[in-house]
Amino acid sequence: MDRPSLTTVAIVGLGTMGTGIAEVLARAGREVIGIDTSGEAARQAVLSLEAATARAVERERITEQERQDILARFRTYPDLQAAADAELVIEVVPESYELKHQVFHALDDIVKPTAILATGTNALSVTRLAADSAHPERVVGLHFFNPAPAMKLVEVVSCVLTSPDAVDAVTQLAEELDKEPIAVGDRPGFVADGLLFGYLNQAAAMYEAKYATREDIDAAMKLGCGLPMGPLALLDLIGIDTARTVLDAMYAESRDRLHAPAPILGQLTQAGLTGRKAGRGFYSYESLGSPTVVPDAETPAEGAQSGAPRSVNAVGVAGSGTMASGIAEVFAKAGYAVVLTARSEEKAETAKARIAKSLDRSVKKGRLSQEDRDATLARITPAGSLDALAEVDLAVEAVAEDLTVKQQLFATLDKVCKPGAVLATTTSSLPVVACARATSRPQDVIGMHFFNPAPAMKLVEVVRTVLTGDDVHATVREVCGKIRKHPVDCGDRAGFIVNALLFPYLNNAIKMVEEHYATLDDIDTAMKLGGGYPMGPFELLDVVGLDVSLAIEQVLHKEFRDPGLAPAPLLEHLVAAGCLGRKSGRGFREYARR
């Protein structure tokens, strides 16, 4: 039987990442040489492997004998001379070019000529490290993701000096480790971090501008995009100093203002508030390295609100599309009497029939009883005129995303709805205040941005304008609680929280493809496996619709006037060609016609 390739691997740097990579390699049958000048780091690495393998035995994933074999394959040393017999050396020392250069320079005189030298950097130039090495052809990037035992993605980074044989060898190793390797070129951040860190930077800037609280920013991205962590909590996990280093490197190459580190990242770093490892960053933690968040001066007080809510018993929904139907279903399920209005009785009845089908699916799946289904449907009254909203306490518009259409509708609601009724718009990109100004009571107008599908998505962005009354804001917050949605507060500016952070990330993914840096499939894979996203950016763009995505990008660019927010030309070209995503059968990918 052929021996596996790269059987002896040295890991230089036994921090969290180095220890995780060592565990992956030892479990896969490799002889692992752990090297760290800190005896304590070496001891902690051994303890970590012992604990991880003990858990695996307890869960019956490996036998005790297999555990002992794994532990025997991992040895630690304080000096680089221990790497002399390694076929592959992976350095994962801190993100300092000088430190990494010292390691590579020393290894040149220690390792055998056929050994491959890999850097675990995600921000520094692999090309520069290779050029300063005695044998640049054997230098590659091998970027694992944290925690290495759990994360499937490995970015294999080559530069113009790298030998194809070296790339092939480490790619084969990654596959044998049951990882998903993707080949990328040498630029800061590579694929996953190149997209992720721009998004994290924008979130930090949003918080710094006091546009939204840290809790609301994180909740919005978790609930609105299905992400495992909010951006500010993720920055604390990564390390705010590390994030700033990555962004500095990205900005030095791109000169894109979206990559210029938000000043707060530098301020927190200089204050030593670098995240979980320091016990404090954007959040405060129970102890150094603890994942447990504890209350601090910024933690919102329970039940704090600036006004007394108005009473809401009856709700009106204007619109007959998918979103309007979903919102009407949500309110009716929560016990509210709902008037569902459309441009005709027929359209309103069709919308109610759509709700009936949705409720029937819930009954079939055991999520709703037949009695609750019937009661919910009985609470919905379809109507073919806005006049039917005369007695509602809250009117929610969910019509086409066209400002003129919405302004006309709000002008009508102003005449039809009783004094004291709250008027809400579900717009995702248009100025709420423009809708408010179409009425004689702008203090009663607010944004309630539901997410699609409304019955399933828990998030509602509550958008206050400079004219919105405190009691109106309190009313909508209270209503969100009664319909079991999570409200997040934000001001009236383009994109609110979710779209303002999501769409620049999607736009940057398109730019990567335009620049031929990576393929659609590799980018989607990188963000799902490396970033924990439920969908890759191109999968999501095709679902959202390229025309909708372009419109949001245009609104963001117009409001913030940042060149980095200009829609990618490829997106504009696809929309002009009628390639709108799944709904048209073709977007970034092709789909079977239904």
Side-chain angles (χ1 to χ4, degrees), residues 6 10-13 17-18 21 80 83 86 88-111 113-145 153-174 181-198 242-256 259-261 508 511-519 522-523 526 530:
L6 303 177
I11 308 293
V12 181
M17 182 59 77
I21 297 170
L80 287 174
L88 167 66
V89 182
I90 306 173
E91 71 75 16
V92 276
V93 300
E95 286 290 274
S96 159
Y97 176 77
E98 289 71 22
L99 184 56
K100 290 180 185 290
H101 172 69
Q102 289 171 13
V103 170
F104 273 73
H105 182 68
L107 287 171
D108 277 335
D109 296 327
I110 293 171
V111 299
T114 56
I116 297 170
L117 303 183
T119 173
T121 185
N122 67 337
L124 303 179
S125 170
V126 177
T127 305
R128 186 179 172 195
L129 285 169
D132 290 343
S133 168
H135 299 281
E137 72 283 354
R138 67 182 181 184
V139 176
V140 299
L142 201 55
H143 181 213
F144 287 79
F145 286 74
L153 182 68
V154 175
E155 290 176 319
V156 178
V157 189
S158 59
C159 69
V160 292
L161 303 171
T162 309
S163 160
D165 290 342
V167 173
D168 291 344
V170 295
T171 300
Q172 181 182 335
L173 173 65
I182 63 170
V184 297
D186 181 25
R187 75 180 199 182
F190 313 131
V191 173
D193 286 351
L195 294 176
L196 178 65
F197 278 85
T242 301
R244 187 167 184 265
T245 298
V246 175
L247 286 163
D248 270 332
M250 290 173 64
Y251 180 70
E253 179 162 313
S254 71
R255 296 297 170 185
D256 185 337
H259 297 152
N508 284 337
K511 291 176 183 177
M512 274 192 178
V513 170
E514 281 183 335
E515 295 162 4
H516 306 289
Y517 178 66
T519 66
D522 278 350
I523 293 172

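- Counting heavy atoms from C-beta on, the side chains of Thr162 and Asp186 never come closer than 4.5 Å.
- The shortest heavy-atom contact between Pro181 and Val156 is CB-CG2, 4.0 Å.
- With rounding to the nearest 0.5 angstrom, the CG atom of Leu6 is 7.5 Å from the CD atom of Gln172.
- For the side-chain contact (heavy atoms from CB on, under 4.5 Å) test with Phe104, the passing option among Thr119, Leu99, Val89 is Thr119; the others fail.
- Atom CG in Asn508 sits 11.5 Å away from atom CG in Leu196 (nearest 0.5 Å).
- Put simply, CD1 on Ile90 and CG on Leu173 are 6.5 Å apart, with the number rounded to the nearest 0.5 Å.
- The only member of Thr127, Val140, Val139 that meets side-chain contact (heavy atoms from CB on, under 4.5 Å) when paired with Cys159 is Thr127.
- One distance of note links CG of Asp248 with CZ of Phe197; it measures 12.0 Å at 0.5 Å rounding.
- Annotation: the span from Leu142 atom CG to Ile116 atom CD1 amounts to 9.5 Å, rounded to 0.5 Å.
- Atom CG of residue Asp193 and atom CG of residue Asn122 lie 4.5 Å apart, to the nearest 0.5 angstrom.
- The two residues Val92 and Gly120 come nearest to each other via the heavy atoms CG1-CA, 4.2 Å.
- Tyr251 carries Arg255 over the face of its six-membered ring, with the cationic atom under 6.0 Å from the centre and within 45° of the normal.
- Checked options Arg187, Lys511, His259; the residue passing with Ser254 is His259 (criterion: side-chain hydrogen bond (donor to acceptor under 3.5 Å, both in side chains)).
- For Glu91, the salt bridge (Lys or Arg N to Asp or Glu O under 4.0 Å) partners are Lys100, not counting sequence neighbours.
- Side-chain atoms of Glu155 never come within 3.5 Å of backbone atoms of Val184 as a donor-acceptor pair (strictly under, hydrogens ignored).
- Taking the six-membered ring for Trp and thresholds of 30 and 60 degrees, Tyr97 and His101 have nearly parallel ring planes, at less than 30 degrees apart.
- Scanning both residues, Ala123 and Ala249, for their nearest heavy atoms gives O-CB, 3.2 Å.
- Shown here for Ala115 and Ala86, the closest heavy-atom pair between the two residues is CB-O, 3.5 Å.
- Pairs of residues two or more places apart, or lying in two chains, that qualify as salt bridge (charged side-chain N to carboxylate O under 4.0 Å, His left out) and include a residue from residues 131-140 are Asp108-Arg138.
- With sequence neighbours left out, the salt bridge (Lys or Arg N to Asp or Glu O under 4.0 Å) criterion links Glu514 to no other residue.
- Of all the heavy atoms in Leu153 and Ala192, the pair that sits closest is CD2-CB, 4.2 Å.
- Contact detail for Ala518 and Ile523: the closest heavy-atom pair is CB-CG1, 3.7 Å.
- Formation of a donor-acceptor pair under 3.5 Å by the Asp522 side chain with backbone atoms of Ile182 is not found in this model.
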